[in-house]
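Down below is the structure, laid out as structure tokens.
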Amino acid sequence: MSIESALENYTNSDGEQGWYMWKWEADDAGEDVPEVGKVRMIKSFGGHEGAGEHTYLIFEITDAEGVVKLYEKDGYYASFGGTEWDGDFYEVVSAEKTITVFERVK
């Protein structure tokens, strides 16, 4: 079973399952997912009115050997239909970026 399938099909102690559970109900301490390891959702973006169409979840997964990897699950939000988690699932790395913004002079 793939990591994506394991996360999508995992049922927590409250009987909740699927990407919706990870977005709204995942505990900060994480969940022990069989054959995957300790899974903790560390960031969610979008999935509600005013946040645009693209939505995603970032997971931190620590396997049995203590190796930590980050994964992203992409989805799509529409006000008339809610969130669809039919996007890609892939490994990511964190990276800091410096940006320049322009602000109004007072």
Side-chain angles (χ1 to χ4, degrees):
M1 178 180 296
S2 70
I3 294 173
E4 181 179 16
S5 294
L7 295 182
E8 185 173 16
N9 295 309
Y10 174 74
T11 302
N12 70 9
S13 60
D14 294 329
E16 298 164 330
Q17 181 182 43
W19 301 115
Y20 184 83
M21 181 276 299
W22 288 109
K23 179 171 177 64
W24 299 110
E25 304 298 333
D27 186 284
D28 287 338
E31 298 278 336
D32 289 314
V33 178
E35 300 179 31
V36 173
K38 176 71 82 174
V39 178
R40 192 168 68 94
M41 212 225 8
I42 60 171
K43 180 177 174 112
S44 67
F45 176 82
H48 55 83
E49 197 67 37
E53 297 172 344
H54 182 235
T55 184
Y56 62 86
L57 305 172
I58 304 291
F59 296 92
E60 177 186 81
I61 300 178
T62 306
D63 69 16
E65 287 78 39
V67 176
V68 178
K69 293 184 178 180
L70 301 173
Y71 293 88
E72 181 171 328
K73 175 64 178 172
D74 290 333
Y76 174 86
Y77 173 78
S79 61
F80 57 84
T83 303
E84 295 293 330
W85 293 107
D86 56 358
D88 292 332
F89 181 84
Y90 47 93
E91 187 175 355
V92 296
V93 295
S94 62
E96 289 188 26
K97 294 184 178 184
T98 302
I99 64 165
T100 301
V101 298
F102 298 89
E103 296 181 346
R104 181 181 289 189
V105 177
K106 295 180 182 179

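Small disclaimer: the values here were computed from a predicted structure and weren't measured. Every heavy atom of this structure was used, including side-chain atoms; hydrogens, water molecules and symmetry mates were not.
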Worksheet entry | Closest non-hydrogen atom pair between Leu70 and Ser94, with its separation | CD1-N, 3.9 Å

Fill in: Rounded distance (nearest 0.5 Å) linking atom OG1 of Thr83 with atom OH of Tyr20
9.0 Å

Fill in: Check: Val36 and Ile61 side chains under 4.5 Å, non-hydrogen atoms
yes

Worksheet, complete the sentence: Output for pair (Glu60 CD, Lys38 NZ), nearest 0.5 Å, gives 11.0 Å

Worksheet item: Do the side chains of Val68 and Leu7 join up, straight or via other hydrophobic residues, at under 4.5 Å, putting them in one cluster?
Response: no

Fill in: Aromatic centroids of Trp22 and Tyr10 separated by under 6.0 Å
yes

Worksheet entry | Spacing of CD belonging to Glu35 relative to OG belonging to Ser2, to within rounding of 0.5 Å | 11.0 Å

Worksheet item: Between Tyr71 and Phe89, is the gap from one ring center to the other below 6.0 Å?
Response: yes

Worksheet item: Taking the side chain as C-beta and beyond, is there a heavy-atom pair between Val67 and Thr62 under 4.5 Å?
Response: no

Worksheet item: For Tyr56 and Trp85, which heavy atoms make the closest approach, and how far apart are they?
Response: CA-CZ3, 4.0 Å

Worksheet item: Distance-only, no hydrogens or angles: does the Asn12 side chain make a donor-acceptor pair with backbone N or O of Asp14 under 3.5 Å?
Response: yes

Worksheet entry | Rounded distance [0.5 Å steps], CG in Asp74 versus NE2 in His54 | 3.5 Å

Practice prompt. May I have the step-by-step check of side-chain contact (heavy atoms from CB on, under 4.5 Å) for Phe59 and Arg40, ending in yes or no?
Written response: CA-CA 6 Å; Phe59 296 92; Arg40 192 168 68 94; over 6 Å; no

Practice prompt. For residues Asn9 and Gln17, report the shortest heavy-atom separation together with the two atoms involved.
Written response: O-NE2, 2.5 Å

Item to complete: Would you tell me whether Tyr90 and Glu72 have side-chain atoms, one donor and one acceptor, within less than 3.5 Å of each other?
Response: yes

Worksheet entry | Glu4/Lys73 ion pair, N-O < 4.0 Å | yes

